[in-house]
Structures are given as structure tokens and as C-alpha cells.
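Worksheet: the structure to be examined is printed underneath.
Remember, predicted model here, so these are calculated numbers, not experimental data. One-based numbering, in listed order, for ligands and for the atoms of each.
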Amino acid sequence: MASTVTPGRGILSEDKRAEREELIELLTKGYWMELETVMSYLANSINPDGVRAQEIVESLKQDIQEELGHAQRFGDRIKQLYGVVPGSADFKAQQTYLQPPEQQTDIVHVIKGVIEAENGAIEHYNTIIEFCDGKDLVTQDMVVEILADEEGHKRLFEGFLREFETEGGA
Ligand SMILES: [Fe+2]
Ligand SMILES: [Fe+2]
């Protein structure tokens, strides 16, 4: 009796296998984006020099934990959908714009890199949210919450950029 193995409705049902696999791919991309962001924010919370960098460094230190939490949520959901969270050998770096700047006092480079990373996350998470419409409201709910965090990060760093540009440091 199939009904004891899988529910008859929803994303865990046998009918939805193809959608589930597509969704796992989208979630896996999100998982990697979060982990790369952890690496980039970690380096950029340590490297910068100078008084003006301190606010940014403190903010990034907090974000590292939040982005790691996002990666955990993506991983948990991948497992709930019968996927497997990949190992590190599958990782491919994408964040060219968040590599350490030539001068470690160049904090504007870091701020702009963070905004670009957040923009990338916001775009991808909107894609997942749209994909989930009418298919998987649980994943949709989770990604809506994560999206709200990323929009908050983006807005915070836009404020930092504005201040640096007004001060003529950019
Ligand atoms: Fe995140
Ligand atoms: Fe973020």
C-alpha cells in the first residue's frame, strides 16, 4: 500500500518526485551560497585595517553566525525532501567580488562585495519562493524568512556605503 510509504498529497508524495528533485537542486545552490558567504565574511571580518573598518568588521562577525544558520536550514530541508547534503568536494567558488582587496584599508571594496553577495542571495531565494508556489509551502515559508534576513543585511550595508560615500572615503 503506497499510502503507508508516502503521503498522497504534497511535496513528499510520489507524484511530486520530479518537482522534489528540482527543488533539492535549488536548495543545494542556496546551501553553497550560504557557505561561501560564511567563508567570505569570515576573511573580511579579519583582514580589514583601520578605525573606519571596525563597524563593518563587527557587523560581519555577527552575520557569519546568521549565514551559517541559513546553511543549516537549507541542509535540513534538503534532508527532509530525501536529498543528501553534499560534501566539500562538490564546492565551486563564485564570489570573485568578495576576495580580499589589495589594500586592507579598502573597506568600501568589502561593503560593495557584501551588497553584491546579498543581492545574489535575494535573487536566488526569490526564484525558490516562486518555484514553491502551490508545490511546497513549508520550504517557501523557510525561504521567505531567510530572504527577510538577507534584505536586512543588504539594507544595512547600503547604509554603510552611503556613509562612506558622503564622507568622501569611497
Ligand atoms: Fe544567508
Ligand atoms: Fe546575508
Only pairs under 3.5 Å count here: list side-chain donor-acceptor contacts from residues 98-107, not counting sequence neighbours, and write none if there are none.
residue: Q99; atom: NE2; partner: Q95; partner atom: O; Å: 2.7
residue: Q104; atom: NE2; partner: P101; partner atom: O; Å: 2.8
residue: D106; atom: OD1; partner: H109; partner atom: N; Å: 3.2

Can you name the residues that form a ring pair (Phe, Tyr, Trp, His ring centres under 6.0 Å) with F160, not counting sequence neighbours?
-> F157
Is it true that E165 and R162 make a salt bridge, defined as a side-chain N closer than 4.0 Å to a carboxylate O?
->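 Salt bridge: no.
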Residue and atom names of protein N/O/S atoms that fall under 2.8 Å from the Fe ion (ligand 2) |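 The answer is E67 OE2, E118 OE1, E118 OE2, E150 OE1, H153 ND1.
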Pairs of donor and acceptor atoms involving the side chains of residues 67-84, under 3.5 Å and at least two apart or interchain, shall be tabulated with distances.
residue: E67; atom: OE1; partner: H70; partner atom: ND1; Å: 3.1
residue: E67; atom: OE2; partner: H153; partner atom: ND1; Å: 3.1
residue: H70; atom: ND1; partner: E34; partner atom: OE1; Å: 3.4
residue: H70; atom: ND1; partner: E34; partner atom: OE2; Å: 3.4
residue: H70; atom: ND1; partner: E150; partner atom: OE2; Å: 3.1
residue: H70; atom: NE2; partner: D149; partner atom: OD2; Å: 2.8
residue: R73; atom: NH1; partner: E145; partner atom: OE1; Å: 3.0
residue: R73; atom: NH2; partner: E145; partner atom: OE1; Å: 3.1
residue: R77; atom: NE; partner: T139; partner atom: OG1; Å: 2.7
residue: R77; atom: NH1; partner: Q80; partner atom: OE1; Å: 2.8
residue: R77; atom: NH2; partner: D136; partner atom: OD1; Å: 3.2
residue: R77; atom: NH2; partner: D136; partner atom: OD2; Å: 3.2

Does E36 use its side chain to pair, donor to acceptor, with the backbone of Q94 at less than 3.5 Å?
->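 Yes: the side chain of E36 pairs with the backbone of Q94.
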Return yes if some donor-acceptor pair links the side-chain N/O of N44 with the main-chain N/O of S40 below 3.5 Å, else return no.
->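 Yes.
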